[in-house]
Amino acid sequence: QVQLTESGGGSVQAGGSLTLSCEVTGDTDSVNCMGWFRQAPGKERQRVAVISTGSSGAGTVSYAASVKGRFSISQVRAKNTAYLQMDSLRVEDTGVYYCTVGSLFSRCMGGTSDSWGQGTQVTVSS
């Protein structure tokens, strides 16, 4: 069992930046990937970025096309924390951002893990 605690959401104007954090506690040895998803009002949850944190393929990252070049996912293993640096934010980046972790990279990519954070609101205004 793991617990995820997100922080860093807020309101910002278009073009601004925010950094989200996701701290993992509990059975952290079972975690081999961490990811961020977001859900806009009336829309389905979509993958934003995923990073592999296991010993095999550590550091492998994947980004949604809509955020590539603007967002950066990273992790500090010693802190069991993943970060999502979001730059050049756009109005369409608005939504609730959720952190997820998994034992397999494919589960993070597919959003099929059972472990999710409570979500943090990001609002970008024009």
Colleague: For side chain to side chain contact (heavy atoms under 4.5 Å, CB included), just list the numbers for T94 and V122, CA-CA rounded to whole Å, side-chain angles, deciding distance to a tenth of an Å, and then say yes or no.
Modeller: CA-CA 5 Å; T94 294; V122 171; 5.9 Å; no

Colleague: Using the salt bridge (charged side-chain N to carboxylate O under 4.0 Å, His left out) rule, collect all pairs that involve residues 103-122, keeping only residues at least two apart or in two chains.
Modeller: none

Colleague: Who else is in the cluster with F105 when I, L, V, M, F, W and Y are joined by side-chain contacts under 4.5 Å?
Modeller: V50, M109

Colleague: Between the side chain of S106 and the main-chain N/O of L104, is any donor-acceptor distance below 3.5 Å?
Modeller: no

Colleague: As a quick check of understanding, evaluate side chain to side chain contact (heavy atoms under 4.5 Å, CB included) for T120 and V96, giving each step before the final call.
Modeller: CA-CA 5 Å; T120 184; V96 179; 6.0 Å; no

Colleague: Measuring from atom OG1 of T5 to atom CD of E23, what distance do you get when rounded to the nearest 0.5 angstrom?
Modeller: 6.0 Å

Colleague: Quick one, L20 with F71, criterion side chain to side chain contact (heavy atoms under 4.5 Å, CB included). Give me CA distance, side-chain angles, the key distance, then yes/no.
Modeller: CA-CA 11 Å; L20 306 183; F71 290 12; over 6 Å; no

Colleague: For Y83, which fellow cluster members are found when Ile, Leu, Val, Met, Phe, Trp and Tyr are connected by side-chain heavy-atom distances below 4.5 angstrom, either directly or through intermediates?
Modeller: V76

Colleague: Using the test side-chain hydrogen bond (donor to acceptor under 3.5 Å, both in side chains), find all partners of T123 that sit at least two apart in sequence or belong to another chain.
Modeller: Q121

Colleague: Which heavy-atom pair separates S113 from G102 by the least distance, and what is that distance?
Modeller: OG-CA, 4.1 Å

Colleague: Can I get a per-line list of side-chain donor-acceptor pairs under 3.5 Å for residues 30-43, giving both atom names and the distance, sequence neighbours left out?
Modeller:
unit_1, atom_1, unit_2, atom_2, d
S30, OG, D27, O, 2.7
N32, ND2, S103, O, 3.0
R38, NE, Q46, OE1, 2.9
R38, NH1, D93, OD1, 2.8
R38, NH1, Y97, OH, 2.9
R38, NH2, Q46, OE1, 3.3
Q39, NE2, K43, O, 3.1

Colleague: Cut-off 3.5 Å, no hydrogens considered: what does the side-chain donor-acceptor table look like for residues 7-17, sequence neighbours left out?
Modeller:
unit_1, atom_1, unit_2, atom_2, d
S17, OG, D87, OD1, 2.8

Colleague: Run the side-chain hydrogen bond (donor to acceptor under 3.5 Å, both in side chains) test against T19 and tell me which residues pass, sequence neighbours left out.
Modeller: Q85

Colleague: Atom OG of S72 and atom OH of Y63: how far apart are they, to the nearest 0.5 Å?
Modeller: 4.0 Å

Colleague: What heavy-atom pair brings V2 and S115 nearest, and what distance separates the two atoms?
Modeller: CG2-OG, 3.3 Å

Colleague: Can you tell me how far apart OG1 (T60) and CD1 (I51) are? Round to the nearest 0.5 Å.
Modeller: 8.5 Å

Colleague: Side-chain heavy atoms under 4.5 angstrom apart, residues restricted to Ile, Leu, Val, Met, Phe, Trp, Tyr: same cluster for Y98 and L84?
Modeller: no

Colleague: Tell me whether E6 contacts the main-chain N or O of Q118 through its side chain, where contact means a donor paired with an acceptor under 3.5 Å.
Modeller: yes

Colleague: Can you name the residues that form a side chain to side chain contact (heavy atoms under 4.5 Å, CB included) with T28, not counting sequence neighbours?
Modeller: V24, N80

Colleague: Not counting sequence neighbours, list each pair that qualifies as a disulfide (SG to SG under 2.5 Å) and has a residue in residues 63-100.
Modeller: C22-C99

Colleague: What are the two closest heavy atoms between R47 and C108, and how far apart are they?
Modeller: CD-O, 4.4 Å

Colleague: Among all residues two or more places apart in sequence or in another chain, which pass the side chain to side chain contact (heavy atoms under 4.5 Å, CB included) test with V91?
Modeller: S126

Colleague: Any ring-ring contact (aromatic ring centres under 6.0 Å, His included) pairs touching residues 5-32, not counting sequence neighbours?
Modeller: none

Colleague: Residues in side chain to side chain contact (heavy atoms under 4.5 Å, CB included) with Q3, at least two apart?
Modeller: Q1, T25

